[in-house]
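Single-structure report; data block below.
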Amino acid sequence: MTAEPLSGGPEDPSEILRVLPAEWHEQFLADYHGALDAAHEVWRFQQLRDVLHLWRLRAIAYSNPGYEHARKAARDGRSEEFVPAEQVIPGWSDGR
């Protein structure tokens, strides 16, 4: 039995790069390579999975055409222009 590389899933680094705006590629690759190096230690493998999951979520958000507007609204405290995280993410305000 030969091993086949895993690819094509939403947390595939190439898929993240495809969706992620170019201005974020350098930061993603730095985080990815750091987590990949750390994953050589078996007990740190989860860190790689966490980095890929976080960057997949970021890629979705950052590539949304309204992202910068919503980000500015949040920074400026214009809550009528966005939905606060605690209203849409279960457990957000639990301090986890």
Side-chain angles (χ1 to χ4, degrees):
M1 178 178 185
T2 58
E4 293 293 323
L6 298 175
S7 64
E11 293 179 2
D12 179 326
S14 61
E15 179 63 12
I16 293 169
L17 279 171
R18 186 187 70 74
V19 174
L20 191 65
E23 66 197 71
W24 294 99
H25 285 194
E26 185 176 339
Q27 181 63 49
F28 165 70
L29 289 171
D31 289 356
Y32 170 65
H33 288 134
L36 191 60
D37 288 344
H40 286 94
E41 299 294 334
V42 175
W43 57 274
R44 293 183 70 187
F45 179 74
Q46 185 61 41
Q47 180 181 347
L48 175 60
R49 295 178 72 186
D50 292 346
V51 164
L52 291 171
H53 180 71
L54 177 63
W55 274 101
R56 178 181 67 88
L57 296 175
R58 286 178 175 168
I60 293 167
Y62 296 170
S63 64
N64 184 310
Y67 172 75
E68 282 301 324
H69 176 79
R71 183 175 175 210
K72 182 163 177 22
R75 225 182 8 250
D76 295 344
R78 297 189 318 263
S79 59
E80 68 282 355
E81 296 184 38
F82 66 93
V83 179
E86 54 271 358
Q87 290 183 20
V88 293
I89 303 172
W92 180 266
S93 57
D94 293 348
R96 292 184 204 169

State which residues pass side chain to side chain contact (heavy atoms under 4.5 Å, CB included) with Ala74; sequence neighbours excluded, sorted by chain then number.
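Side chain to side chain contact (heavy atoms under 4.5 Å, CB included) check on Ala74 returns Phe82.
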Approximate separation, where rounding is to 0.5 Å, of [X] [atom1] and [Y] [atom2]:
X	Y	atom1	atom2	value
Glu23	Phe28	CD	CZ	15.0 Å
His25	Arg18	NE2	CZ	10.5 Å
Glu15	Trp55	CD	CH2	15.5 Å

If every non-hydrogen atom of [X] is compared with every non-hydrogen atom of [Y], which pair is closest and at what distance?
X	Y	answer
Leu20	Tyr62	CD1-CD1, 3.9 Å
Ile16	Ala59	O-CB, 4.1 Å
Asn64	Gly66	OD1-N, 2.8 Å

Applying a strict under-4.5 Å side-chain criterion to I, L, V, M, F, W and Y, I'd like to know whether [X] and [Y] cluster together.
X	Y	result
Leu17	Leu36	yes
Leu52	Phe45	yes
Leu57	Tyr32	no
Leu48	Leu54	no

Looking only at atom types and distance, does a side-chain atom of Asp12 sit under 3.5 Å from a main-chain N or O of Ser14, one as donor and one as acceptor?
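Looks like yes, one N/O pair under 3.5 Å.
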For a 4.5 angstrom cut-off between non-hydrogen side-chain atoms, does Lys72 reach Arg75?
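Lys72 reaches Arg75 side chain to side chain.
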Quick one: does Asp31's side chain get under 4.5 Å of Gln27's, heavy atoms only?
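A side-chain contact exists here, since the closest heavy-atom pair is under 4.5 Å.
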Arg49, CZ atom: more than 12 neighbouring heavy atoms under 6.0 Å
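No, CZ of Arg49 has 12 or fewer neighbouring heavy atoms, counting only those of other groups under 6.0 Å.
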Counting only heavy atoms not in Glu26, do more than 12 sit closer than 6.0 Å to its CD atom?
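Result for CD/Glu26: open.
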Name the residue from Glu41, Gln46, Gln47, His40 that meets the side-chain hydrogen bond (donor to acceptor under 3.5 Å, both in side chains) definition with Arg44.
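Result for side-chain hydrogen bond (donor to acceptor under 3.5 Å, both in side chains) with Arg44: Gln47.
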